[in-house]
Amino acid sequence: MDIYEKRKGFLKCIDRNPFLNSINKYGGLVISHQFNNELNYIYFEALYLSLPLIQNSDFLSNYGYYYYYYDCDIDKGANWIKYILDNHKNNIGRYDKNNMNYFKV
């Protein structure tokens, strides 16, 4: 694309990293915004590892930190992130117990 060739630094591509390496290197808060795609394997990994997961999948609305942000309101999203950073450690027992219910057969 011309825009990529003419504007240095316009697009930055980062190689894919294994999930656990990324969590170790970049932190453990997982934010996922899906559009017309209810499931993503990263959800299951984050839930299983008790990582704070902000997600908008109606299919998994009872798990993680479900946030319906169809309107893509960045301020609401920022408030949700702040809430999780301030409270996730205090909620981890309840969060983990609830999420493990998903994996029960």
Side-chain angles (χ1 to χ4, degrees):
M1 291 175 45
D2 281 351
I3 197 164
Y4 178 74
E5 293 173 0
K6 293 180 181 178
R7 291 186 62 191
K8 207 170 194 81
F10 176 76
L11 178 65
K12 188 177 212 176
C13 297
I14 300 172
D15 290 336
R16 287 182 169 238
N17 290 306
F19 182 67
L20 292 178
N21 290 353
S22 296
I23 295 301
N24 186 41
K25 185 173 181 180
Y26 301 112
L29 174 61
V30 178
I31 303 170
S32 181
H33 177 77
Q34 300 294 323
F35 184 73
N36 292 332
N37 183 11
E38 289 295 308
L39 294 176
N40 184 323
Y41 286 116
I42 201 76
Y43 293 161
F44 306 127
E45 293 184 41
L47 293 174
Y48 190 78
L49 294 171
S50 299
L51 298 171
L53 168 67
I54 299 175
Q55 52 88 11
N56 68 328
S57 170
D58 289 335
F59 183 77
L60 294 173
S61 62
N62 293 325
Y63 306 100
Y65 293 99
Y66 173 75
Y67 174 50
Y68 180 76
Y69 44 94
Y70 181 77
D71 58 355
C72 300
D73 186 330
I74 195 76
D75 292 324
K76 288 179 188 175
N79 289 337
W80 199 220
I81 292 168
K82 182 173 177 5
Y83 170 82
I84 290 168
L85 293 175
D86 291 344
N87 296 290
H88 183 69
K89 287 182 181 177
N90 297 330
N91 298 331
I92 192 71
R94 185 171 33 122
Y95 181 83
D96 187 44
K97 183 177 179 182
N98 182 62
N99 291 339
M100 288 302 116
N101 287 325
Y102 180 77
F103 296 103
K104 290 181 180 176
V105 178

Spatial distance of atom [atom1] ([X]) from atom [atom2] ([Y]) [nearest 0.5 Å]:
| X | Y | atom1 | atom2 | answer |
| --- | --- | --- | --- | --- |
| Q55 | Y67 | CD | OH | 12.5 Å |
| H88 | L51 | NE2 | CG | 7.0 Å |
| S22 | I42 | OG | CD1 | 7.5 Å |
| Y48 | Y102 | OH | OH | 14.0 Å |
| Y65 | N87 | OH | CG | 7.5 Å |

Are the side chain of [X] and the backbone N or O of [Y] linked by a donor-acceptor pair below 3.5 Å?
| X | Y | answer |
| --- | --- | --- |
| Y95 | L47 | no |
| N99 | S50 | no |
| E45 | F19 | no |

Side-chain heavy-atom pair [X], [Y] within 4.5 angstrom cut-off:
| X | Y | result |
| --- | --- | --- |
| I84 | N91 | no |
| L49 | L20 | yes |
| D86 | K82 | yes |

Test side-chain contact (heavy atoms from CB on, under 4.5 Å) applied to N79 - qualifying residues, sequence neighbours left out: none
I81: what forms a side-chain contact (heavy atoms from CB on, under 4.5 Å) with it, not counting sequence neighbours? L29, I31, I54, L85
Under 6.0 Å between ring centres, would you say that holds for Y43 and Y63? no
Who pairs with Y83 by ring-ring contact (aromatic ring centres under 6.0 Å, His included), at least two apart in sequence or on another chain? W80
Same cluster for L60 and Y41 if Ile/Leu/Val/Met/Phe/Trp/Tyr side chains link at under 4.5 Å? yes
Are I74 and Y66 connected into the same hydrophobic cluster when the rule is that any two of I, L, V, M, F, W, Y join if their side-chain heavy atoms are below 4.5 Å apart? no
Can you give me the closest heavy-atom contact between P52 and G28, atom names plus distance? CD-O, 3.5 Å
